[in-house]
Every structure is written in C-alpha cells, then in structure tokens.
Amino acid sequence: MNQTVWKKRYSFYLSLLVLLVALGLLFWLEVNKSNYGMAVSVIQKSLVFSVVAVSMNLLNGFTGMFSLGQAGFMAIGAYTTAILTIPLSRVDGVYYMKGVAPWLKGVKTTLSVLPEPLLIVFALLIGGMIAGIFAFFIGIPVLRLKSDYLAIATLGFSEIVRAVISSPQLDRVTNGSYGLKNIPGFGVTQAGGVLPVGAGSLLIPFFFALTTIAFIVLVINSSYGRAFKAIREDEVAAEAMGINLLKHKQLAFVISSVITAMAGGMLAMYMRSIEARAFSVTLTYDILLIVVIGGLGSVSGSVLGAFVVTFAKDWFLRFFDSPLVIGGFQVPFLRMGFRMVVFSILLMIVVLFYRRGLMGSSEFSWKGIFRWIRRKKEGVETTKGEMIDYPDPPPAKPAPLIPDPPGAPQEGGRDER
Amino acid sequence: MKDKPVLSTQDLTMQFGGVVALNNLTMRIDPGEIVALIGPNGAGKTTAFNAITGVYPPTNGFVELEGKIIQQGFPKGKMKRLYAGENAGKYTKSLSLTPDRITKKGVARTFQNIRLFKNLTVFENVLIAHHTNMKAGVFQAAFGMNRKEEEDMRKRSWELLEMVDLSDVGLEKADNLPYGKQRHLEIARALATKPRLLLLDEPAAGMNPQETQEMGDFIRDIRERFSLTILIIEHHMNLVMDISDRIYVLDFGRQIAEGTPAEIQKNPEVIAAYLGVEQ
Amino acid sequence: MSLLEVRDLYVSYGGIEALKGISFDVEEGDIVTLIGANGAGKSTTLNCISGLVRAASGTIRYNGEEIQNMDSQKVVSRGISLVPEGRKVFPNLTVRENLLIGAYLRKDKAEIQEDLRKIYELFPRLEERHWQAAGTLSGGEQQMLAVGRGLMASPHLLMLDEPSLGLAPQLVKDIFSIIVRIQEMGKTVLLIEQNANAALNIANRAYVLSTGEIIKSGAGKELLDDQDVKDAYLGVQA
Amino acid sequence: MSFVTFIQHCLTGVSLGGAYALIAIGYSMVYGILLLINFAHADIFMMAGYFMIFSVSSFPWQISIPIVILGTVVLGVLIEKAAYMPLRSAPRMSIMISAIGVSYLLQNLATYLFSALPQAYPAIPPLKRQIRIGEVSASLVTFLTPVLTIILVFLLIFLLRKTKIGMAMRAVSKDYDTSKLMGIKINSIISLTFVIGSALAAVGSILYFTDRMSVTPFSGVLPGLKCFVAAVLGGIGSVPGAVIGGFLIGLSETFLVALGYSTFSDAFTFLLLILILLFRPTGLMGEDLQDKV
Amino acid sequence: AQTPSAPTDEQPSSDKVIRIGVFQPVTGENGGGGFQEVLGIRYAHEKFPTIDIDGETYAIELVEVDNKSDKTEAVTVAANLVSRQVSIVIGSYGSGVSIAAGPTFEEAQIPVIAPSATNPQVTEGNDYYFRVCFLDPFQGKVMATYAIDNGATKAAVITQLGDDYSSGLGNFFLKAFADLGGEIVSEQQFQTNQTDFKAILTNIKAADPDVIFAPSSIATAPLLIKQARELGITAQIMAGDTWENQTIIDNAGEDAEGVAISTFFDENDTSTPLAGEFVTGFKEFINANSEYYNKNGGDGVAAVSALGYDAYLTAYEAIKAAQSTDSVAIRDALVGIELEGVTGAIAFDENGDAKKNMAYIKVIQGGQFTFDKTVMTE
Ligand SMILES: Nc1ncnc2c1ncn2[C@@H]1O[C@H](COP(=O)(O)OP(=O)(O)OP(=O)(O)O)[C@@H](O)[C@H]1O
Ligand SMILES: Nc1ncnc2c1ncn2[C@@H]1O[C@H](COP(=O)(O)OP(=O)(O)OP(=O)(O)O)[C@@H](O)[C@H]1O
Ligand SMILES: [Mg+2]
Ligand SMILES: [Mg+2]
C-alpha cells in the first residue's frame with residue numbers, strides 16, 4: 001500500500017530475513033566451492049577488505065584523521081597470524097633460506113597443543129594486540145600532527161613496518177623478504193572430518209566481518225562516536241567542549257588499528273602466502289579508494305565499496321583481459337592489461353559523478369529503501385545521490401539510542417522513562 | 001557575599017612574536033557577576049579568553065579558577081629575549097591545562113568566529129557537549145550499558161534547545177541556521193558542558209538592535225537559571241551597559257579602566273580610546 | 001536606466017528558497033541599503049549579484065548588461081566589488097598583500113600606491129601591522145582589512161556586507177562616514193547593515209527584506225520613521 | 001670507505017637529489033594551491049620518459065627536449081582540466097581519489113600500450129659524456145643535475161615571491177570564492193601551476209632517466225613517493241623546502257644503500273621524515289599558520 | 001568430423017573441451033619473460049589443439065591469466081583458474097609467484113607444470129607441482145664452475161631482496177664459488193623496483209672483483225650493466241637463465257658485450273631433430289604475428305619459449321596417458337611420464353623435478369647471445 005507507514009520492526013524482520021538468506025547462500029556456495037571458486041574467493045576478499053575499509057573510515061571519515069598506515073597494521077596482523085599458525089610440520093620448508101629462530105620454534109611447539117581453530121583465533125587476537133600496542137605508542141607523538149602531515153607520518157610508519165619485516169635481520173622470524181607460505185586457509189581443507197570440505201571458508205570471514213563491523217558501528221553510535229565526529233568537524237571547538245583530543249584520537253586510532261590488524265590476519269589466511277611487498281602503500285590506497293568510493297563517513301558505504309571494487313577489479317572486468325573472437329572478428333582492444341585500464345576509467349567516472357561516494361555520508365536503511373521505492377512508484381523525480389538520504393523528521397522525543405526491539409512500543413507515543 | 005572569586009588573573013600577559021597582545025591583565029570575577037571586557041579592536045580581549053581557556057599558554061602571569069591555578073607561565077626560550085611585557089622574572093613556574101581540562105573544571109566559552117560542528121545536526125551539537133561529563137567508558141558506551149546516562153543526555157539536550165528556541169530545527173544541519181541562531185546554538189552548546197563560568201565572545205555581533213536587546217535579556221536569564229558567572233566581550237555598548245555589573249576596559253593589551261557601567265561611561269580615558277566623544 | 005536593476009530574482013539552496021523573486025534598483029551615485037532580520041536573504045542577494053551564488057531565475061542588469069550567473073571574476077572586472085560577509089581575508093598573505101590583491105585587476109601603479117596610503121590613513125592599525133599575516137589579526141582588524149581591500153579595487157559599485165560587524169563603536173561611526181565619503185567620490189554603494197539606524201540615516205534608498213521577499217522600500221529617512229521597521233529592527237532607542 | 005668511494009657516493013646522492021627536488025617542487029606547488037596530493041604527478045613524470053623515447057625515434061634530441069617538455073605540460077594541464085577541475089567544490093578526498101584514479105589510469109594505459117617491459121631511454125650524447133676526475137667517474141648529467149635544479153628553483157622562487165601571479169597563487173590556495181571576488185581567474189592560475197609543475201617534472205625526467213636509462217610504466221612510483229616525502233619533509237607548499245627535502249633524501253638514500261642497508265633505505269627516509277615532523281610539525285620550511293581562535 | 005592435430009585458425013567446433021590453465025606474468029616485472037613462455041605454449045597449442053580421450057575428440061582450450069609477477073595477485077588468479085575448472089596448469093615464469101600459488105593448486109588437486117621456475121621450493125612438499133627445467137643449485141654450480149674455469153678468483157654477488165629466484169640462485173652460486181676455492185669479495189642487495197644501482201656498484205667497484213654474478217629480472221639487467229660500465233667497472237657480468245632475452249641487448253647496447261649467462265636451450269644446437277623442427281616452426285609462428293614479433297624482440301627462440309612448449313607437451317602426454325579430464329588422474333599420470341622434449345628428455349624424480357643435468361652457457365657477442373659451451377654434471 002502506498003500509504004503504509006514504515007515501522008521499526010519491519011526493519012528488524014527484514015534484516016533478519018536478509019541475514020538468513022545470506023547465511024544460506026554463503027553456506028551453499030562454500031559447499032559447492034569447486035564450482036564457484038571465483039565467487040568464493042572474491043567474497044572472502046571483499047569481506048576482509050570491508051572490515052579494513054570500515055576501520056579506516058572510523059579514522060578518516062568519522063574522526064577526520066587522515067591516516068594512511070593501514071597497510072602497516074595489516075602487515076603486523078598478517079605476519080603475526082601467519083607466523084603463529086603455519087603448521088609446525090611445514091615450518092622448515094617455509095624458512096628454507098635461513099632457518100627458523102629456535103625460540104620461535106619453541107613457542108610454536110608449545111602452541112601446537114591448541115586445536116587449529118583456537119590457535120587461529122589466538123593468533124588473530126595477538127596480532128591485534130601487537131598492533132594496538134604499536135598504535136598506542138606511535139600515536140603519542142604522531143597524532144599531534146595535522147591532516148596531511150599525519151597522513152604522511154602514518155604512511156611512513158607503515159613503510160617502516162614493511163622494511164623491518166623484510167629486513168635480513170629478521171630472516172629467522174619473518175623469513176625476511178621471502179614471505180611466508182602454507183598459512184592455513186579459512187575452511188576445512190582435508191576430507192575426513194565431520195564437516196564437508198570447504199565448510200567455513202565463507203562463514204568464518206562473514207562472522208568475523210559481522211562482529212568487527214558491528215563493534216565499530218556501536219562505537220560510532222555511542223557518545224564516543226559523536227566525540228570523534230566533533231573532532232572531525234572542529235578540533236578547537238571540540239576541545240572547548242571538554243573533549244580530550246589526544247585521548248579520543250588515540251582511542252579511535254587504537255581501535256582502528258587493532259581491527260585492521262585482525263583483518264590483516266584474515267587477509268593472510270585468504271592469501272595463504274604473504275610477503276612484505278604486498279603490504280605497500282598501494283594496498284592502503286586501494287582501501288582508501290574503497291572508503292571514498294563507498295562514501296566517507298558511511299559504514300554501509302565502506303562495505304558496499306569493498307564489494308563493488310573487489311568484484312569489479314577481480315572478477316567482472318576479467319573478460320577484458322582475454323582476446324575475444326566473435327564470429328571470426330577479433331574484438332579490438334581486448335587483451336592483457338585492458339581490464340585495469342577499464343577499471344581506472346570506471347573509477348574516474350564514479351569519482352567524477354558521485355563525488356561524495358556511492359552512499360555519501362548516509363547509511364543504508366530499510367526505511368530509506370522503502371521511501372525511495374515509494375517515491376519511484378509515485379513518479380516523483382529523485383535526484384542523484386539522494387537515493388537513501390532522508391533526514392528523519394523532527395521527533396516528538398529524542399531518538400532512542402538503540403532501535404527498539406520488535407514488540408516495543410512504537411514511535412510516536414511519548415513515553416517518559 | 002564577597003567570597004572566593006570564581007576567576008582571577010594576575011599579571012596575565014600574552015605575546016606573539018613582537019606583538020604584546022595582552023599586557024599584565026589583573027582582574028577578578030566574583031560568583032554570580034556579569035562582567036564585561038571591552039576595548040578597541042585588537043585590544044586583546046579575545047586573547048584574554050584564549051589565555052584563560054588554555055588555547056594559548058600564557059607568556060607571563062597566571063589564571064586562577066576558584067582559588068586554584070589553571071594557567072601559569074613565564075617567558076622562556078626565545079621569548080626570554082623578546083619579552084616586552086611587564087613583570088619579567090616575577091614568575092618561575094609554568095602550568096598549562098589543555099582547553100578540555102579547563103572545560104571539565106567548569107569554564108565554557110563561545111567563539112568570536114562561530115565554531116559549530118557544521119555538518120552535524122543542531123541536536124548533536126548540544127549532545128556532544130554533554131560527553132565531557134559522561135562516566136561510561138568506551139566499551140560500556142558502545143554496548144549500551146549506560147542507557148540511563150545516554151537518555152539523560154538526550155533529554156537535557158532537547159531541553160536546552162527548547163530554551164534557546166531551537167528545538168524545532170533540532171535535526172537541521174547546524175550550518176544551515178542563520179547567523180543569529182548559530183550564536184544561540186553556541187551558547188546552548190556551551191551550557192551543556194555544565195559550566196559555572198561562561199565566557200561569551202561578542203554574542204551579539206551581527207545582530208540588529210532589536211535582536212541585541214533580546215540577547216541581553218537572554219544572558220540575564222541564563223545567569224539566573226544556571227546560576228552562572230559570566231564574562232562577556234561586546235562592542236554593542238547598549239547591551240554592555242545594560243547587563244554588566246562591572247566592566248574592564250583594555251587598550252593595546254593594557255587594562256585602562258575598571259568599574260561599574262556608570263563609572264566607565266564617564267571615564268575620559270575610555271571615551272578617548274574606545275567609546276568616542278558623544279555617546 | 002538605473003545602474004543596477006534586479007528583477008524577479010529567485011535563489012535556492014538545495015530545497016530551501018532563500019530569495020523569492022525580489023526586484024530592486026540601485027541608482028548611479030546612491031547609497032542603497034538592504035536591511036532585514038537574520039536569514040532574510042540579504043547576503044544571498046549580494047552573493048548572487050557578484051556571481052558566487054547561482055540565480056534560479058530572474059535578471060540582474062548592470063549598466064544595461066545582464067550579469068546574472070556571470071563568472072565572479074568577470075563581474076568584478078565590470079567594476080563591481082564585494083566586501084563579503086565574514087571578512088574572508090587571505091590568512092596566509094600579509095596585511096599589505098591582502099590590500100594589494102584587492103587591486104589585482106588594476107594597472108595604474110601610481111594610483112594604487114596612493115590608494116594604499118589613503119587606506120592606511122583610514123585604518124592606522126593596518127599600517128602598524130602591514131607585515132602581519134592577516135590570519136592572526138583580531139576580528140575587528142580583519143574587518144578593517146576586508147573593507148580596505150574592497151576599497152583598493154576602486155570599484156564603481158561597492159557592495160558591503162555588514163562592514164561594521166565586530167568593530168568598536170568609534171570605528172563603526174568612522175565606517176559610515178567613509179561610506180558617505182565614497183559616495184561623494186561619485187561611487188555607488190550597496191550596503192547591508194544590522195546597524196539599521198546608522199544605515200538608514202545615510203542611505204538614499206532602503207529595502208527591507210523578510211524571508212526572501214522585499215516587504216518595504218523607500219528613502220532611508222522615511223523608513224527610519226516607519227513604525228513597523230522600528231518595532232522589528234531598531235529596538236528600543238537608548 | 002675510501003675517499004674516492006665517498007666522493008663517488010656523494011656525487012650519486014647529489015645528482016639523485018637534484019632530480020628528486022625538481023619532482024618534489026611539482027608536488028609542493030600543486031599541494032600549495034589545491035591542497036591536493038597529486039598522486040598522478042609521478043606518472044606524469046613517467047609519461048615524460050615515454051614521450052622522449054617516441055620523440056627521439058623521429059627527431060634529433062635537440063628538438064625532442066622541447067617537444068617532451070611541451071607534451072608533458074599539455075598532459076599535466078589536460079589532467080587538471082579533466083580530473084580535478086570538475087571537482088573544485090567536491091570534498092577534498094574525492095579529488096585525491098581522482099588523482100589516484102588518474103595515476104592508476106596512466107600506469108595501466110602505459111602498461112597496455114607500451115607493455116610492462118622496460119624501454120631503453122635514449123642517450124642524449126652530450127649528457128652522457130663521461131667525465132673522469134681522478135678515480136671518480138660519472139657522466140655529465142650527474143654533474144649537471146644539481147646545478148640546473150638550483151637555477152630553476154631560483155627562477156621559480158622569484159616568480160612566487162616577487163610577482164603578482166605568485167601572490168594570486170597564494171591567495172587561490174586559501175579561498176576560491178574570495179579570490180574570484182578579487183578578479184583572479186582561478187582556473188588560469190591553477191593551470192599555470194600545473195604548467196610549471198609538469199615542465200619541471202619533464203626536465204626532472206630527462207635528467208633522471210638519462211641517468212637510469214630505462215622507463216617502465218611503474219618507473220614513477222618509487223621516485224614519486226620519495227619526492228612526495230621530500231616535499232612534506234621540507235614543508236609542503238614551500239619551494240625551497242622541497243629542494244632541501246629532495247637533496248636530503250637523495251643523499252641519505254644513497255648512503256644507506258652504500259652502507260649495505262638497502263632494505264632500510266626507504267624506511268630511513270620515512271624515519272627521517274617522522275623525526276623532523278615531531279620537531280617541526282609542518283616540515284622544515286613549512287608555514288606554521290594555524291587559524292586564529 | 002575433425003581431423004585431429006591439424007593446425008587450423010579457428011577453434012575446432014567440438015563441444016567436448018578440456019581446459020589447460022596458463023598461469024603466467026604478462027605484465028609487471030617479469031612480464032617480458034612470461035610472455036615469451038606464453039608464446040611457446042601458444043605455439044604448442046597451435047600444433048596440438050585437440051586430444052583424443054576415450055575415443056572422443058576434445059578441443060583443448062587455453063585459459064590464460066596474468067599473475068602480474070605479483071605474489072598476492074598470483075593467489076587470486078590461481079583461484080580464478082581453479083574456478084574455471086582447468087584440468088592442468090602450466091606456469092609460472094618466476095619462482096616467487098609459483099611458490100605463492102602452489103598451495104592453492106595443491107588444495108584444489110590440480111597439477112601444475114612449471115616450465116622455467118628454477119627455485120627448489122616450487123616443487124618441494126607439493127605433490128601437484130612439477131617442473132621441466134633444471135634447478136638453481138645446479139645452475140649456481142654451473143656458473144661458479146664457469147667463472148673459475150675462466151680464471152676468476154674474486155666474485156661479487158648482487159641479488160634482489162624478496163625475490164626467491166634471485167636470492168636463491170645468488171646463494172647457490174656463492175656456496176659453489178667458495179667451495180671451488182674462489183673468494184666472494186662483495187655481497188650486495190637491492191630492492192624490487194629499484195632502478196638506481198650506483199651506490200651498490202660503487203661499493204663493488206671498490207672491492208674490485210673479477211666477475212659479478214647478478215641473477216635478476218630482465219627489467220633490471222640493462223640498468224645494472226650500463227650503470228656498472230658507466231662507473232668504470234670492467235669485471236665480467238654473469239647471470240642466470242632469466243637474462244636470456246633480446247631486450248637486454250637492445251637496451252644495454254655495447255655495454256652488454258661479454259655478459260655470460262646459463263640457459264636451458266640453444267636454438268643453434270639442433271642435435272635432436274625435434275629441436276630443429278621446433279625452432280623453424282616457432283620462428284614461422286613468431287614472424288606471422290607482428291605483436292608476437294615485437295614483444296619477443298625479434299624471431300630469436302628464447303629458452304623459456306622452448307620450455308613452455310615442452311611443458312605443454314608434457315601436459316598433453318599426461319592427459320593422453322590418463323585418458324581422462326580429471327585433474328587427479330592427470331596428476332597420477334604425470335608421475336610416471338617419460339617423453340622427449342625439445343629441451344631434452346623429460347622424466348620426473350620424486351619431487352616432481354625433471355631429471356636434467358645439462359646447461360648451456362651463452363655469452364653476448366656482437367649484439368647476440370652466442371653459444372659458448374655446455375656444462376654437464378654427474
Ligand atoms: N596568534 C597570533 N599571532 C600574532 N598576533 C596575534 C595572534 N593572536 C592575536 N594577535 C594580535 O593580538 C592583538 C589582540 O588580538 P585580539 O583578538 O585579542 O583582539 P580583540 O580585543 O579580541 O579585538 P576584536 O575586538 O577586534 O576582536 C591583535 O592585534 C592581533 O593582531
Ligand atoms: N550555503 C547555504 N546552504 C543552505 N542554506 C543557506 C546557505 N546560505 C544561506 N542559506 C539560507 O538562506 C537563507 C538566507 O541566508 P542569508 O545568508 O542570505 O541571510 P542574511 O539575510 O544575510 O542573514 P544574516 O543577517 O544572518 O547575514 C537563510 O535561511 C540561510 O539559512
Ligand atoms: Mg576579539
Ligand atoms: Mg548575511
């Protein structure tokens with residue numbers, strides 16, 4: 001009906017429905033992994049990147065800190081996870097150049113009592129923790145810098161991390177610049193277990209993304225998130241409102257770094273083999289690209305951006321790379337390398353025409369979709385970029401912090417609590 | 001009723017390069033007073049605010065809030081050589097709380113060039129100012145374990161907006177408000193930090209005489225309602241003379257007069273430097 | 001023909017209509033003032049004339065030429081200069097450079113120096129601080145600088161958006177006498193002021209704006225005696 | 001390290017630094033005026049390398065040099081018009097992404113058109129003339145680079161400090177609208193910035209590639225990053241700062257590699273940068289202008 | 001009806017298809033060599049476009065992907081190949097990417113044949129990775145022996161950090177040279193994408209070696225050579241198989257004279273009829289297509305092209321032996337396969353490495369790679 005009013009619980013049920021459908025789809029995909037390998041791989045990557053993008057957005061979009069250290073923190077997470085999870089039996093093969101440091105072997109032997117899933121969780125957490133400690137300590141001097149100076153300093157930090165990891169001095173820990181391989185992947189790899197082969201290869205990254213992103217969203221919607229936004233808007237005024245700049249910037253920086261590092265660990269598991277070179281500035285730029293394409297200051301934008309960019313770059317545009325002959329006619333331009341040309345052009349088009357990103361700074365909401373559809377049906381012209389961007393009407397009372405659970409009194413009624 | 005002053009400054013001096021923007025300001029403000037700080041352009045009024053609220057560490061002298069020193073400085077480094085103010089050598093300690101610490105201690109301010117959080121809503125602007133008094137840590141806040149506190153903050157924010165007549169535009173972007181409303185919002189935001197001392201920098205700038213009068217009433221009103229002490233900078237003499245209990249006059253960074261509005265209006269030095277011959 | 005003719009001017013920001021079809025004239029050699037409450041659309045009017053804001057519809061004619069939606073830079077070259085709201089000095093240039101850049105389009109070197117001298121005379125404070133980066137000036141000093149910079153363009157039509165904002169009482173008076181002097185030099189002035197008393201006193205013609213519409217117009221002195229205007233804008237006289 | 005080896009390293013470092021300085025100025029100028037980190041600058045530099053290769057195949061080098069400079073300038077201005085001008089009023093980040101996009105596009109286009117294989121950079125005979133002083137041996141270009149850099153920089157500083165155009169550039173960098181109100185044609189001023197930046201990049205590319213002899217689509221990436229760091233280190237927006245930064249990085253990089261720490265040569269550059277920023281938060285020569293409260 | 005093995009321009013219109021993945025760098029640092037390897041594979045495919053399995057004719061389809069010489073990209077495109085259901089994969093040029101993608105193929109149980117990846121780690125511990133070329137320990141020994149034979153006593157080694165091939169081979173050379181009584185006077189390293197070698201070369205000059213061993217990519221080769229000569233270094237420069245590429249000579253010009261390399265194949269060594277046939281056929285193939293000609297840098301036959309050809313042939317034989325499109329069956333067939341390739345006999349040891357024991361040494365003379373000698377070990 002045209003006149004239906006959107007109710008909060010509709011959103012809840014719809015979200016639940018979508019979640020269930022998504023879970024089902026993911027499960028189906030991973031069981032049929034052999035037929036949909038590309039889809040699985042691209043979804044895995046998108047999930048991991050969406051986590052990094054959201055945590056980068058926390059800094060760049062919500063706190064207004066232009067930070068370009070993501071690759072460095074991902075490297076910390078990736079290497080920690082990799083070093084701790086490479087199966088003991090494979091270690092010597094991995095460190096074939098210089099051998100593995102005895103203490104590290106000792107640590108790994110001790111840890112090998114843990115079953116693999118636990119070991120992985122443990123490794124991810126340790127990676128996050130190390131990154132958090134780093135973030136905390138470099139934050140003290142570096143976060144005082146302003147805008148682009150901060151950007152270049154964090155970028156510098158990330159490059160230093162990379163250099164240290166690949167330095168010959170650390171050969172016996174990080175395998176220097178040769179990288180690490182035989183990192184366990186997400187899913188069950190060996191047949192013979194209780195679960196089918198491939199099980200978990202999507203659901204694990206999915207739950208990881210879900211929890212970390214949910215956490216960031218909760219932080220953003222809390223009073224601390226508002227303080228971050230205040231800092232983004234005007235540091236002087238924020239400070240005058242009693243917000244401790246350094247403390248809050250550091251908080252955002254540490255949260256973002258910990259989660260970025262954990263995502264780095266996930267990336268290591270996705271890649272199965274990593275090298276320091278992969279964690280260069282280019283990786284950070286790629287993430288930045290996702291964040292801005294999605295919309296600075298929009299969590300759903302970052303997630304959308306991660307999927308759109310990864311799908312386009314790694315999958316949809318692939319056919320541009322192979323020569324195509326239709327009826328004896330060689331389609332011009334199509335050959336190796338053309339995909340990236342097309343990708344760059346598409347990128348430019350998106351930036352030029354959606355200058356505030358796909359989502360602007362607004363978030364996805366069922367209500368927005370609903371209104372948009374209704375508008376379309378009524379033939380009201382919508383303008384570009386305005387699709388989901390509807391301000392709420394002034395409420396009769398302050399909007400509640402947490403959306404009401406289904407069954408709670410509906411909005412409109414003034415209830416004093 | 002003259003107990004401890006809310007705010008006092010002693011020999012407060014602020015020098016930028018060779019420019020002594022504020023020279024040896026010594027003043028006191030008692031609880032519940034409305035005190036005005038006036039003077040020609042560039043006399044150092046805003047600088048005084050900045051030195052009090054910790055935006056700049058003072059070059060010399062100190063600031064006390066309710067008997068406790070919050071800012072103190074003496075010329076060091078290159079400034080030692082350059083120093084052109086008075087009382088060099090009198091102070092040897094330095095202490096400078098950051099603006100947020102000072103706000104936490106109960107001093108709030110508005111800015112001469114309005115500094116709202118432009119892209120946030122009017123409501124959020126006020127809500128954010130409550131953050132400083134929040135107890136919950138980041139995890140508690142994130143997981144909604146401080147629901148009570150959060151709801152309280154929201155309720156009080158709407159109340160404040162109601163008071164400045166902005167509740168109907170509460171969900172507008174702050175930047176879209178007309179100038180005069182933005183000034184009101186800045187005051188509401190400052191009040192949300194629960195100050196005991198409020199510093200207002202030209203709250204009536206850009207207002208017509210009618211609006212200026214209303215601003216005067218408003219300031220008096222909030223003083224009563226929140227039992228505030230107020231220090232105000234203004235160039236609208238009608239307003240200043242109307243609401244202040246006492247006035248300090250600055251010229252070229254120096255205090256040239258202090259007194260009640262009646263005294264100041266008659267002071268020849270003030271007339272020469274600031275008010276002009278006929279009023 | 002008037003020097004400046006504005007007809008049926010509409011301007012909107014996104015969805016909000018800031019000007020709803022205003023029309024007015026500025027005669028050569030006059031001081032014309034626009035008054036009105038906060039948010040009435042005064043600044044929008046001036047910004048639209050100088051091309052900073054696009055008109056949705058309507059015409060603006062200057063010396064018979066249509067200038068609506070012309071590039072700002074071209075509008076300036078026609079001899080219209082705006083002292084914008086909120087001072088907008090170049091914070092990274094020195095006081096002197098700010099003044100010189102006001103004369104960017106002028107080629108007459110000797111006269112530029114002469115004008116610079118005159119402005120220093122008007123605002124001695126600026127000369128005192130000619131080396132200082134404009135960003136560190138006090139609010140009032142910046143306001144002086146903005147007015148001075150506008151004068152340096154030596155425009156035919158000078159538009160001032162609240163030039164007395166944040167100035168000390170004595171300087172406010174000076175500003176108004178400067179405006180009269182500018183008029184005496186044969187220039188035309190379009191003025192926005194919150195200090196409606198003073199503005200109406202010197203204006204040949206005045207328009208009252210309210211929520212994007214002109215609700216009253218007349219000679220300056222005439223409006224000064226108008227009861228509605230008194231009630232709405234002038235306040236109780238001290 | 002023997003004295004001769006030391007001098008040889010110095011020579012390498014100073015020459016590298018000179019080329020870095022020329023590129024760094026381009027970053028610094030564009031940043032100074034648009035507040036944009038022009039990621040595409042490194043690739044404009046790379047394209048200048050290809051222009052030379054193609055130009056020399058049809059013309060003698062004397063004619064090729066002006067052709068290359070002209071071509072690079074046209075490319076730089078074209079990029080500005082196509083990718084940055086439409087975004088004048090857009091948020092800063094969008095322009096930055098546009099710059100990254102242009103950078104990707106140039107790299108990928110070059111890969112697509114010219115393949116990823118290195119192409120030999122033509123030898124310009126007089127520049128390649130071997131000069132031998134005692135044990136130290138290097139080509140003329142090694143000596144020429146720093147000298148030419150210094151001369152160009154002085155010309156540029158004069159332009160920025162002493163002319164009306166320079167003043168207009170600094171004004172535009174802060175506020176487009178108000179600049180327009182002064183009668184400044186902001187688009188022309190911005191284009192001019194790109195003209196100068198690209199021309200310097202072209203000269204830099206001739207010096208740099210003549211010394212390094214081959215061009216690939218990714219030749220710009222690493223020097224680009226380093227020159228950007230040089231610009232920041234010197235105080236982004238400041239021309240003399242960029243020059244100092246360029247030489248500092250050129251020298252420190254060379255010596256680090258020489259001492260066998262080639263893994264750390266880039267890292268050291270950044271370490272230096274961070275240390276300098278800690279003591280001078282806006283770089284060595286950067287203006288420390290915060291808005292007045 | 002189709003006539004098998006007759007090379008035709010158009011794809012055979014059989015609806016039965018078997019896919020062979022081509023996992024190679026066509027862009028990036030090793031894009032040049034990778035493409036040459038692809039050329040060998042394409043030529044082989046042109047010669048043998050169909051195969052009979054169980055009496056039915058299958059068209060062989062090449063599924064080419066570009067791993068961009070980048071280890072991260074390598075894993076992604078490997079997954080891509082897996083998803084496109086290739087039965088067997090050929091690749092890759094460059095040991096690093098092969099090592100990186102190894103586990104992906106192993107897990108998907110798809111066999112891979114590396115034509116020219118020489119690092120031992122490529123096949124070690126991976127039951128699905130095979131190779132048809134010799135290994136770096138062998139190659140390092142060959143070059144060390146050659147240096148010593150030529151009277152060198154002092155050697156400098158330059159390797160690329162993070163490149164398994166470069167540092168691996170450098171290390172093997174280093175050991176072999178020292179074992180043979182030589183002295184290593186300088187060990188220098190550079191980073192990927194570095195184009196300025198003056199600093200490390202200045203150090204080498206100071207150490208005054210007789211030979212410089214610098215295994216690295218085609219991209220870095222001319223830079224190294226020219227910058228060394230510019231600094232007045234006269235020592236002989238030597239490298240591994242990767243340097244056998246005409247563009248190096250084109251780019252380095254005169255300075256390249258005297259550079260010595262080891263390689264898998266010599267187009268002038270037509271001792272086996274198979275090789276001679278291949279060389280003529282391949283040259284025709286190259287000359288017929290201007291793009292091929294240009295990218296190959298003329299109609300020379302690179303060793304990697306020959307190895308690419310052999311790898312295809314090996315895959316072809318394995319499919320034939322397995323009589324199945326199933327990748328596991330093909331893998332099992334590979335283990336016991338024996339065939340005669342253009343680069344010599346091919347049979348795999350327990351690691352999946354071809355048992356090869358002969359290398360060619362070529363020296364650049366008069367702007368060409370000229371055969372110097374062959375080296376065999378026991
Ligand atoms: N950061 C700074 N650097 C250099 N000079 C400064 C700085 N801040 C203020 N000044 C100078 O100090 C003097 C006092 O400035 P201040 O802003 O306190 O004046 P004010 O009394 O508030 O004037 P107004 O009424 O015009 O706002 C001015 O001359 C100004 O130029
Ligand atoms: N950039 C903008 N975006 C959206 N709305 C705007 C913008 N600028 C002005 N407005 C709105 O347009 C209306 C007219 O504004 P304008 O600035 O012209 O008023 P004014 O008469 O100059 O007021 P003041 O006395 O406060 O300067 C106001 O409601 C204002 O909120
Ligand atoms: Mg002030
Ligand atoms: Mg206005």
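Computed over heavy atoms, backbone and side chain alike; hydrogens, waters and symmetry mates excluded. Reminder, nothing fancy here: chain letters follow the sequence lines and each chain counts from 1.
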Taking salt bridge (charged side-chain N to carboxylate O under 4.0 Å, His left out) as the definition, give me every residue that meets it alongside Arg78(C), ordered by chain and number, with sequence neighbours left out.
Glu65(C)

Audit row: Leu181(D), Ser50(C), side chain to side chain contact (heavy atoms under 4.5 Å, CB included) steps and yes/no:
CA-CA 8 Å; Leu181(D) 286 178; Ser50(C) 45; 3.8 Å; yes

Which region of Arg87(C), side chain (C-beta onward) or backbone (N, CA, C, O), has a non-hydrogen atom less than 4.5 Å from a non-hydrogen atom of chain D, or is it both or neither?
neither

Write down the atom of Asn92(C), the atom of Lys174(D), and the distance for their closest heavy-atom approach.
OD1-CG, 3.1 Å

For the residue pair Arg149(C) and Thr178(D), what are the closest heavy atoms and their distance?
NH2-CG2, 3.5 Å

Side-chain (Asp175(D)) to main-chain (Phe90(C)) donor-acceptor, under 3.5 angstrom
no

Can you establish whether the number of heavy atoms outside Lys81(D) located under 6.0 Å from its atom NZ is more than 12?
yes

Atom CD in Glu97(C), atom CE in Met167(D): separation rounded to 0.5 Å?
6.0 Å

Residues of residues 182-205 of chain D with a heavy atom under 4.5 Å from any heavy atom of chain C, in residue-number order, are Met182(D), Gly183(D), Ile184(D), Lys185(D), Ile189(D)

Is it the backbone or the side chain of Ser179(D) that comes under 4.5 Å from a heavy atom of chain C, or both, or neither?
both

Examine whether an atom of Leu100(C) lies under 4.5 Å from a heavy atom of chain D, and if so say whether it belongs to the side chain, the backbone or both; otherwise answer neither.
both

In this structure, are over 12 heavy atoms from other groups packed under 6.0 Å from Arg161(D) atom CZ?
no

In terms of heavy-atom contacts, does OH of Tyr13(C) have more than 12 from other residues, nucleotides or ligands at under 6.0 Å?
yes

